[in-house]
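Ligands are counted one by one from 1 in listed order, and the atoms in each one are counted from 1 as well.
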Amino acid sequence: MTIAVVIPAYNEASTIADVVREAHRWVDRIVVVDDGSTDGTAAQLGGLPVRVLRHAQNTGKGASLWDGMRQARAHGASAVITLDADGQHRPEDIPRLLAAAADHPDGMIIAARLRHRERVPGARRFANAMADFWISWAAGCAIADTQSGFRLYPAALIDGLAGVARRSSGFVFESEALIEAAARLGFRPVAVPVDALYPADTRPSHYRPWADTARIVRMVAGKLLTRGMYPQGLFRSLRHAPQIAAIGDPAPPSDRD
Ligand SMILES: Nc1nc2c(ncn2[C@@H]2O[C@H](COP(=O)(O)OP(=O)(O)OP(=O)(O)O)[C@@H](O)[C@H]2O)c(=O)[nH]1
Ligand SMILES: [Mg+2]
């Protein structure tokens, strides 16, 4: 597999260089999409082995992911791993995502923040639970951590997402991508459990718990209405637990370095 890592970044000057350096330990090809940042995010990347796509203006997370994915596909990537730029995803989990992808060639692999969920702020946890319920219903299967931006997309899945990229922007893109993957494109969501990371000095989220969740619910409601409320999807999403990859824990730091 030729893997590329795509990192959407909006005002992430304090973390982006470390995230890129860590990711480069596991994957050679890294694309950062600097989405109109005003804090010097791109300047932090000088001299690092990374391709930087710069947007003159902010276009949102979805449009940036799509740009990065298309760039990676144009350069022959057979799978894309997406990773947030704020340091909340550990690149050292990348090998576990790759192992899950090898076990599940028709899987859409999600690094699901199932460990230490108590660290997730209350409002965000509630918003995530809402999104998980609705998105799983529309996808027709239970999905763990639908709001994780740390995922592995096989090339064939990316190639099927052009319509989603046209319709859905911002944080809605990743939610609709999951539904399309599972309900239309035949890719089963598979979770790799990872730690939830919310350090005390985390910058304020770009995700707006009410406004962004409302946009996601509206998108899902539209899909359900066009499918006659898809009762089989609700039944299946409640009947079976999310699929979890049989992947070991990451090695402790002393074994890795
Ligand atoms: N390119 C681009 N990236 C964005 C935009 N908004 C957020 N991001 C990136 O998307 C990632 C996730 O953004 P966060 O604000 O941390 O949102 P989140 O992780 O879903 O929410 P929290 O769990 O509260 O941190 C980060 O890498 C951001 O830099 C945007 O408008 N454009
Ligand atoms: Mg974050």
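Closest to atom 31 (O) of ligand 1 among all protein heavy atoms lies Asn58 ND2, 3.0 Å. The nearest heavy-atom contact from the protein to atom 26 (C) of ligand 1 is Glu12 OE2, 3.4 Å. Considering only non-hydrogen protein atoms, atom 9 (C) of ligand 1 sits nearest to Pro8 O, 3.7 Å. Scanning the protein for heavy atoms near atom 4 (C) of ligand 1, the closest one is Tyr10 CB, 3.6 Å. Ranking the protein heavy atoms by distance from atom 1 (N) of ligand 1 puts Ser64 OG, 2.8 Å first. The nearest heavy-atom contact from the protein to atom 7 (C) of ligand 1 is His206 CD2, 3.3 Å. For atom 23 (O) of ligand 1, the nearest protein heavy atom (residue, atom name, distance) is Tyr198 OH, 2.2 Å. In terms of protein heavy-atom proximity, atom 27 (O) of ligand 1 is closest to Ala85 N, 2.6 Å.
Distances from the Mg ion (ligand 2) show that Asp84 has no N/O/S atom below 2.8 Å. Contact annotation: Thr202 places no N, O or S atom under 2.8 Å from the Mg ion (ligand 2).
Not a single N or O atom of Pro204, backbone or side chain, sits closer than 3.5 Å to an N or O atom of ligand 1. For ligand 1, the polar-atom distance check against Phe171 finds no nitrogen or oxygen pair separated by under 3.5 Å. Residue Ser205 places at least one N or O, backbone or side chain, under 3.5 Å from an N or O of ligand 1.
Close contacts between ligand 1 and Ala9 involve ligand atoms 1 (N), 3 (N), 29 (O) [criterion: under 4.0 Å to a heavy atom]. Residue contact check: Tyr207 has heavy atoms under 4.0 Å from atoms 15 (O), 21 (O) of ligand 1.
Taking 4.0 Å as the cut-off between side-chain N and carboxylate O, Lys223 and Glu176 count as a salt-bridged pair. Between Asp86 and Arg203, at least one side-chain nitrogen of the basic residue sits less than 4.0 Å from a carboxylate oxygen of the acidic one, meeting the salt-bridge criterion.
Distances from atom 32 (N) of ligand 1 to the heavy atoms of Ile7, Asp86, Asp35, Thr202 put Asp35 nearest.
In this structure the side chain of Val32 reaches within 4.5 angstrom of the side chain of Ile16, judged on heavy atoms. Between Leu98 and Ile81, some side-chain heavy-atom pair lies under the 4.5 Å cut-off.
Taking the ring centre of Tyr207 as origin, the terminal cationic atom of Arg124 falls inside the region bounded by 6.0 Å and 45° from the ring axis. A cation-pi arrangement, defined by a distance under 6.0 Å to the six-membered ring centre and an angle within 45 degrees of its axis, is present between Arg227 and Tyr230.
Residue contact annotation: Gly60 has a non-hydrogen atom under 4.0 Å from ligand 1. At least one heavy atom of Gln88 lies less than 4.0 angstrom from ligand 1. Look at Arg203 and you'll find a heavy atom under 4.0 Å from some atom of ligand 1.
Just one residue in the list Asn128, Asp195, Val120 forms a side-chain contact (heavy atoms from CB on, under 4.5 Å) with Arg113, and that residue is Asn128. Paired with Ile110 under the rule side-chain contact (heavy atoms from CB on, under 4.5 Å), one option of Leu178, Val192, Thr146 passes, and it is Leu178.
Between Ala196 and Arg119, the closest heavy-atom pair is O-NH1, 2.8 Å.
Here the N, O or S atom of Asp86 that is nearest to the Mg ion (ligand 2) is OD2.
For Lys61, heavy-atom contacts with ligand 1 shorter than 4.0 Å involve the backbone as well as the side chain. At a heavy-atom distance under 4.0 Å, only side-chain atoms of Arg124, from C-beta outward, approach ligand 1.
Judged by distance alone, the side chains of Glu118 and His116 do bring a donor and an acceptor atom under 3.5 Å apart.
Below 30°, between 30° and 60°, or above 60°: for Trp137 and Trp134 the angle between ring planes is below 30°, a parallel geometry.
By the 6.0 Å contact criterion, CZ on Arg167 is enclosed, its count of non-hydrogen atoms from other residues, nucleotides or ligands being greater than 12.
Here the CG-CG distance, from Asp39 to Asn11, works out to 4.0 Å after rounding to the nearest 0.5 Å.
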